There are 2 protein chains.
Amino acid sequence: MTITDIRQQLSEKGLKITPQRIAVLEAIIKLNNHPSAENIIDYIRKNYPNVSTATVYKVLDALVDNELIKRVKTDKDVMRYDAILHAHHHLYCTKTDKIKDYFNDDLNHLLTNYFKKHRILDFEIADIKLQIVGKFKTPKKTAPKKRNILPKKA
Amino acid sequence: MTITDIRQQLSEKGLKITPQRIAVLEAIIKLNNHPSAENIIDYIRKNYPNVSTATVYKVLDALVDNELIKRVKTDKDVMRYDAILHAHHHLYCTKTDKIKDYFNDDLNHLLTNYFKKHRILDFEIADIKLQIVGKFKTPKKTAPKKRNILPKKA
DNA sequence: TATTAAACGAGAATGATTCGCTTTTAGATT
DNA sequence: AATCTAAAAGCGAATCATTCTCGTTTAATA
């Protein structure tokens, strides 16, 4: 996703192309880990120190309204954001609060087909998101990466 | 779900049985519409005017920690709560912000089986929630309910 | 009924998000 | 290229859901 692509996307939605909007979209794509508004602000300020907090929130709203990004809600109170690159679901780790993308087209087809056959009365589905809650397992190591010969604390 | 049941549930989890905890659980069950903390507080205060806001939040945390209720995440910023009566998913209306329960054991089995066959690498699933986003259709009326003979504005 | 850790109450504090208002700017028009 | 104007950005203050602090009360147990 290049800056040209970003400009293109904004333009397609009839949004004015501003440095702030480009910066926010770029930040979400670069950070790539469901950043909070704060994360995004910190990232942007490295290059544009005087971007207003309120502006970032306003930009985020505009981008969500125009379906260029999605909001991701956690059990904690801060909102997180996600670039819309490809339909995907989320794995929520109850231990670490990490959110990982989960791509599975096979599953998407399964769900789409399921709801094509079993419509929900009086409801028109626009999107289906799976929140898969659980824990990341620490993978077993075949060999330790590092050896710590020294004691942890002097 | 009677008060005796509620006492039983608290007791099973090793939680002290307090009037406040009973009131909160009762409120969530009675309100039955994914209430926010504010909704719950308003409801409880009708009968117990001096329940502290902080207490309600603390009780909600305790109940979530002990899996007696669930948090319902929305794209908006307030958290909502839901009694755990039976496994279910949610329909989110983008027009009205209403959240409706969606029960479908058939679908639950489908998903459970799917993930039994297709495990997610390094992730241990505890719960799967579907957020089905869309719009409630207003059902077609066979005849109009009212006729408005007068002009809309004088 | 005495003990005590857990729970509660009241209100202040926090902090993410929004508001109100002014200034700036993107994009269109001359 | 200069002008115009609605949209966007900036900035500080305001909002408000949620959390913290800490003194008081209470549920559970002996």
Side-chain angles (χ1 to χ4, degrees), chain A residues 3-4 6-27 34-45 47-66 68-69 71-81 97, chain B residues 3-4 6-27 34-45 47-66 68-69 71-81 97:
Chain A
I3 293 192
T4 315
I6 291 176
R7 302 176 76 92
Q8 167 79 15
Q9 287 206 33
L10 290 171
S11 169
E12 273 170 17
K13 300 287 181 174
L15 292 172
K16 281 193 186 171
I17 297 166
T18 69
Q20 292 84 349
R21 283 175 177 170
I22 294 173
V24 168
L25 255 175
E26 229 189 331
H34 315 92
S36 63
E38 201 191 350
N39 299 149
I40 295 167
I41 291 166
D42 289 350
Y43 183 89
I44 291 177
R45 291 233 169 104
N47 298 313
Y48 306 83
N50 2 328
V51 177
S52 165
T53 307
T55 297
V56 172
Y57 279 100
K58 281 183 246 173
V59 168
L60 289 169
D61 282 354
L63 297 179
V64 170
D65 286 350
N66 287 280
L68 291 175
I69 61 173
R71 279 190 226 282
V72 183
K73 181 73 170 163
T74 70
D75 273 359
K76 305 287 139 78
D77 64 348
V78 301
M79 204 58 81
R80 308 239 221 142
Y81 297 86
D97 276 347
Chain B
I3 293 192
T4 316
I6 292 176
R7 301 177 76 91
Q8 168 79 15
Q9 287 206 31
L10 290 171
S11 169
E12 274 170 17
K13 300 289 180 172
L15 292 172
K16 281 194 186 171
I17 297 166
T18 70
Q20 293 85 348
R21 282 175 177 170
I22 294 173
V24 168
L25 254 176
E26 229 187 332
H34 316 91
S36 64
E38 202 190 350
N39 299 149
I40 294 166
I41 290 165
D42 290 349
Y43 183 90
I44 291 177
R45 291 233 169 105
N47 299 312
Y48 306 83
N50 3 327
V51 176
S52 165
T53 307
T55 297
V56 172
Y57 279 99
K58 279 183 251 176
V59 168
L60 288 169
D61 282 353
L63 297 179
V64 170
D65 286 350
N66 286 280
L68 291 175
I69 61 174
R71 281 190 225 278
V72 182
K73 299 180 245 270
T74 72
D75 276 357
K76 303 287 138 76
D77 64 346
V78 300
M79 204 55 82
R80 308 237 223 145
Y81 297 87
D97 276 348

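In this text the structure is predicted, and so the values were computed from the model without any measurement.
B:N39 has its CG atom 13 Å from the C1' atom of D:dA17, to the nearest Å. Computed from coordinates, the B:K58 NZ to C:dA10 P distance equals 12 Å when rounded to whole Å. We find that CD1 of B:I40 is positioned 13 Å from P of D:dA17, with the value rounded to whole Å. Between A:I44 atom CD1 and D:dA8 atom C1' the separation is 15 Å, expressed in whole Å. Remark: C1' of D:dA17 and CZ of B:R71 are 13 Å apart, rounded to the nearest angstrom. Rounded to whole Å, the distance from CZ on A:R21 to C1' on D:dG10 is 14 Å. Separating the CG atom of B:L10 from the P atom of D:dA27 is a distance of 13 Å, rounded to the nearest angstrom. When rounded to the nearest whole Å, the span between CG of A:D65 and C1' of C:dT18 equals 14 Å.
The neighbour count for B:I17 CD1, taken as heavy atoms of other residues, nucleotides or ligands under 6.0 Å away, is above 12.
Closest approach of B:L68 to B:L10, counting heavy atoms only: CD1-CD2, 3.9 Å. Heavy atoms only, all atoms of each residue included: B:A27 and B:Y43 are closest at CB-CD2, 3.5 Å. Residues B:V51 and B:R45 approach most closely at O-NH2, 2.7 Å, considering heavy atoms.
Across residues 47-56 of chain B, B:N50, B:V51, B:S52, B:A54, B:T55 each have a non-hydrogen atom less than 4.0 Å from an atom of DNA chain C (numbered order).
Between A:Q20 and D:dG10 there is a side-chain N or O to OP1 or OP2 distance below 4.0 Å. A sub-4.0 Å separation between OP1 or OP2 of C:dT18 and a side-chain N or O of A:Y57 is absent.
Considering only heavy atoms from C-beta on, A:Y81 stays 4.5 Å or farther from A:V72 through its side chain. Residues A:V59 and A:L25 form no side-chain contact, since every pair of their non-hydrogen atoms from C-beta on lies 4.5 Å or further apart. Put simply, the side chain of A:S36 reaches to within 4.5 Å of the side chain of A:N39, judged on heavy atoms.
Counting non-hydrogen atoms under 4.0 angstrom, B:A37 reaches the backbone sugars and phosphates but no base.
Comment: B:R71 engages B:D61 in a salt bridge, judged by a side-chain N to carboxylate O separation of less than 4.0 angstrom.
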Note to self: Between B:R21 and B:K16, does the side-chain contact (heavy atoms from CB on, under 4.5 Å) criterion hold? Intermediate values first, please.
What the structure shows: CA-CA 9 Å; B:R21 282 175 177 170; B:K16 281 194 186 171; 3.8 Å; yes
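If B:V78 and A:V59 are placed on DNA chain D by their nearest nucleotide, the residue sitting closer to the 5' end is A:V59.
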Do any N or O atoms of the protein come closer than 3.5 Å to N or O atoms of nucleotides 28-30 of chain D, and which pairs are they?
{"from": "D:dA28", "atom 1": "OP1", "to": "B:I17", "atom 2": "N", "distance (Å)": "2.9"}

